[in-house]
Amino acid sequence: MMNHIYMIRAKKLVTVSDVGTIDDGAMVIKDGKIQSVGTWQQLRNQHPTIEVKDYSNYALTPSFVDCHTHLLEFAPSSLYPITNETQALAGKSLLLKALTSGITALGEQVCGHPKSTFSIDDYRKIVKDIPMHVSFAATSISIGFEKLAHFTAITMAKPVKQTDLVDNHIVNELSVQSEYPGENLFINATPANFTKDAVPRSGEIIYTFNELKHIVDRFHKQGKQIGVHVAGEEAIQMTLRAGVDVLHHAHGMMNKQMKQAKAQGTKIVATPMGGTHIEPNSPENILELVNNDIEVSIATDAYLPPFPNVSWLPFSNQSLQGPDVLMKIAEPAMKLLVKNGYNENQVLALITKNPAAILGKEDRFGKLDRGMDANFLIADGIPGIDINDVEDIKVVYFRGKEVVSRMN
Ligand SMILES: [Zn+2]
């Protein structure tokens, strides 16, 4: 709709920008973008006649960004008995699930998968008409079976040799195809979604320092940032030394490494639900990262079985969890941050503004500010602080349009 303009009013508007929280706040939305943000009184005086959507009993915040997911390639066959004919359909249903959970932007990994014949371009086509923003990372993956298994987004369903992971052609293609620094390579072999006995070599370090440095330099030469899947002190040290831009998981990071990460501007994508061979990011670990002034995002890595026997997770078994648990897995860390004096804007940034920056979209979405896409949600309270259930997210807006509603 051209020239569509309206105002939106809320009890509390958490902007996640420098303005902070505005009580009895409002925004003017024009053509899918935020035109202005202020108090209701202020904006109503300026615009006395335009249509008003009144949510004055609700909180309004930016919608979520989950910058590390596997919804299109790995999840479909883990969740459904699909074939190649129906894989895209399953993927789309998972995107809808994410959207109804308040997520309007995703960072999707394409790793190569033995049962999927889809290329990264095929995945791009799947998301084309979906009212969400999806950024893709082209990656390789190493799975910690007795005999290690390696795949890449470029070679797709065909397994590759370990030496192929550092092949110049493959590395170049991965950097060219990547839209953002996802887990472009697995420094440690992953347990993926397998039980411990099936993946005895998970955690094993796959690259030498020189190999890693070579790959990092190739990405940087293409003008691309690089992210990696990494856990454990030794592997993390190697990534810091090699100049990796984004560490996904970073489970087991030491305090002195956090100081080094801060000094280098390295960003961290924490996955409190699991994803590596060692215990995932605890609320205390995330607090420590934030205290070290590192830009931290929280992501689901969905679909994923929750790491067993972890006190901060609300799950009673290891069944696969999806993007709908983002608030639930972020909540313990978010509440601990509030307890330690961080305000709701700083805390909400971990699932909005910071992951938007990982996707390179900090000027497009992730906060409520003039000129940004009108991607936001209406909820019964502040997500991750007052609420953790997707049913409490009442309306989701994407580029100014209502795309999810649980009103009446
Ligand atoms: Zn992952």
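Here the structure is a predicted model, which means the values were calculated and not measured. For ligands, and for the atoms within them, numbers begin at 1 and follow the listed sequence. Note: hydrogens, waters and symmetry copies are ignored here, and every other heavy atom, side chains too, is used.
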**Q** For Lys267, I'd like to know if atom NZ has over 12 heavy atoms of other residues, nucleotides or ligands within 6.0 Å.
**A** yes

**Q** Judged by modelled atom types alone, do Asp164 and Thr155 share a side-chain donor-acceptor pair under 3.5 Å?
**A** no

**Q** Hey, are Asp369 and Ser17 close enough side-chain-wise for a donor-acceptor pair under 3.5 Å?
**A** no

**Q** Under 2.8 Å from the Zn ion (ligand 1), how many protein N/O/S atoms can be counted?
**A** 4

**Q** Do we see a donor-acceptor contact under 3.5 Å between the side chains of Tyr342 and Asn291?
**A** yes

**Q** With side-chain contact (heavy atoms from CB on, under 4.5 Å) as the test, would you mind laying out the steps for Tyr397 and Ile8 before giving the verdict?
**A** CA-CA 11 Å; Tyr397 282 81; Ile8 190 143; 3.9 Å; yes

**Q** Kindly list each side-chain donor-acceptor pair under 3.5 angstrom involving residues 294-302, sequence neighbours excluded, with atom names and distances?
**A**
{"residue": "Thr300", "atom": "OG1", "partner": "Asp66", "partner atom": "OD2", "Å": "2.5"}
{"residue": "Thr300", "atom": "OG1", "partner": "Ala302", "partner atom": "N", "Å": "3.1"}
{"residue": "Asp301", "atom": "OD1", "partner": "His68", "partner atom": "NE2", "Å": "2.8"}
{"residue": "Asp301", "atom": "OD1", "partner": "His70", "partner atom": "NE2", "Å": "2.9"}

